[in-house]
Amino acid sequence: MCGIVAYIGPKDATAFLLEGLQRLEYRGYDSAGVAVAAKGGLKVCKVKGRVADLAAAVPARFKGTTGIGHTRWATHGVPSDANAHPHTDVAERIAVVHNGIIENADQLRALLAADGVVFTSETDTEVLAHLVAAHSGEGVELEDAVRGALGQVVGTYGIAVLDSQQPDRIVVARNGSPIVLGLGEKEMFVASDVAALVRYTRQVVHLEDGELATVRADGFRTFTEDARTVTRQPSTVDWEVASYDTAGYQHYLLKEIHEQPAAVERTLSGRLDERFATAHLGGLNLDARELREIRRVKILGCGSAYYAGEMGAQLIEELARIPAHSEPASEFRYRNPVIEADTLYVAVSQSGETYDTLAAVQEIKRKGGRVLGVVNTVGSAIARECDGGIYLHAGPEISVASTKAFTSTVIAFALLALHFGRIHDLSPADGRRIVAGLKALPDQIREILEQEKEIAELAAAYADNAGMMFIGRTRGYPVAREGAQKLKEISYVHAEAYPASELKHGPLALISPELPTVALVPDDELLDKNLTTLGEIKARSGRILAVAHRTPEAKLIDHCLLVPKSEPELDPLLLNIPLQLLAYYAAVALGRDVDKPRNLAKSVTVE
Ligand code: AGP
């Protein structure tokens, strides 16, 4: 949520800042800005709109070799030129870009206003610029002024600070919002996400919470808020530069949908044990005896991560026969949850940054619970906070709507459920059945993706409705929820998900030719029940797009998308794939900004 970049070196900073911001735009895209230190002063350019609008607004003579930039997702104040970052102090000496939230901004504003500071924006960030300026007395080093300012602040932040009178450095700090340093040849880069850095360097240093760094062209020094120096060794970014590009696809989302077979292969890689018909998960940090003592599993995540958790809960209940339940982390953290010693808590997050999920993990740990992470981003805040976990290895996911990380999360849960199951009562034969089913999934996903053209035509035909209903029974219900989420998120078409069994208890009243239904009709023990529901919808003149293993009778449906059959426990994962393409092509047909849907951002690092 929001993106930060900074550059210091021999070159013109603006080119890197603008390119880096474009790479981070998926994190927030309602306004953007840059500042450079030039001739003892600051040059600042910021606009409401996209990075492309900023690039068009930057004057030709906007030159400087030390600079910072930001792309914003509004929290305090509407998207506007004034509220865009960087923010400066009254004398325009200090410029600050910030991700996160300053919780005591109102009190600090009042204090600063009493000292005569006139604010020019509605943001919490502007407070930081004035505070740094207030601590920047004669001969005070920028890092000391920043430490002084942060000492007054309560909240979360990733910041980069520029002082026009000390242009030989940028000071950055992290508390709850990522900051990464990129090491170049006599030049240094900073970003809130490696996506902005990989074209320039693969050598990076991740700051820890509570750390600051002074970044100069020839290196960096990391230290704590009480000025103790800490040593941080660089690491190498694993992913190829191409992983951060669209690779010729029209959108990141389409590319990521197509990357799913490879992502699934990576999530499975080295984890299946055919001899014992189980899965090996090295990072759990729980031995078989400890796992046997677990009586319940509680899964926590937000949005699609929560829906993937619902699929995970079903897998764990079915394969391991352990009660499992998924709950939105955003609700859990506020309801003073009871934490049980024999419950295993599992936090799910693609980004590993989602604040609500992180806060839920912290709440569990504070009360003595044990938490596993199912996370895509290696070394992220949630991954670090958990006691152990499973990395997805799905690769960087750039599009705001989650697809490949969702699928890989379900795979990770299938592995966990298999592992658990084989420690409990899942038979070797059933274990082998699941291992074989998992191995077949990449090719089955490829098979579904081959129907892309047909799905695109159906999506265009169904997009032109005020809304859509998604229904599924038991295993199919989380699929319906995720399908509806994807459609509303990127196409802005209203979509409701219901358990098919619940339709007659109320929502059937909504059924009409104007509200088509996407019905999940797997060939399982509930097939007859699902066919009955289709009949009930048809009797009310509802239109039906079935996603099924076998085409239902023509009188029960209008259209059908066929999906290859897996093992019943794994079927939901495949049933979900056509719904991703359906949402994507509906959004394209409606001319939506697919990768950057309105009002959203990729990582929600605020409450
Ligand atoms: C998914 O399409 C959404 N953009 C959103 O619901 C997302 O899954 C949620 O915000 C959680 O993100 P996380 O996995 O990074 O924690």
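Counting starts at 1 for both ligands and their atoms, following the listed order. Worth saying up front: this structure is predicted, and the values here are computed from it rather than measured. Start at 1 with the first residue, then count along the sequence.
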Students should be able to answer this: which protein heavy-atom is nearest to atom 9 (C) of ligand 1, and at what distance?
C302 O, 3.3 Å
Protein residue, atom and distance nearest to atom 12 (O) of ligand 1, heavy-atom basis
T354 OG1, 3.4 Å
Distance under 4.0 Å to a non-hydrogen atom of [X]: what atoms of ligand 1 satisfy this?
X	result
A401	2 (O)
S351	13 (P), 15 (O), 16 (O)
A305	8 (O), 14 (O)
S304	1 (C), 2 (O), 6 (O), 8 (O)
G303	6 (O)
K486	1 (C), 2 (O)

Could you check if a side-chain atom of Y391 sits within less than 4.5 angstrom of a side-chain atom of N376, using non-hydrogen atoms only?
no
Within the 4.5 Å heavy-atom criterion, are H393 and D238 side-chain neighbours or not?
no
Considering non-hydrogen atoms only, spot the tightest contact between S408 and L392 and give its length.
O-CD2, 3.5 Å
Atom pair NE2 (H85) and CG (N99), whose distance is rounded to the nearest 0.5 Å:
8.0 Å
Atom CG of L315 and atom CZ of R475: how far apart are they, to the nearest 0.5 Å?
9.0 Å
Within the 4.0 Å heavy-atom cut-off, what E489 brings close to ligand 1 is side chain
For ligand 1, note which part of Q485 has a heavy atom under 4.0 Å away: side chain, backbone, both or neither.
side chain
K48 side chain vs D30 backbone, donor-acceptor pair below 3.5 Å
no
Checking the N or O distance criterion of under 3.5 Å, is ligand 1 in contact with S402?
yes
Ligand 1 N/O within reach of T357 N/O, cut-off under 3.5 Å
no
Assess R23 against Y244: is NZ or CZ under 6.0 Å from the centre of the six-membered ring, and within 45 degrees of the ring's axis?
no
Using the six-membered ring wherever Trp is involved, compare the ring planes of Y462 and H559 and label them parallel, tilted or perpendicular (cut-offs 30° and 60°).
perpendicular
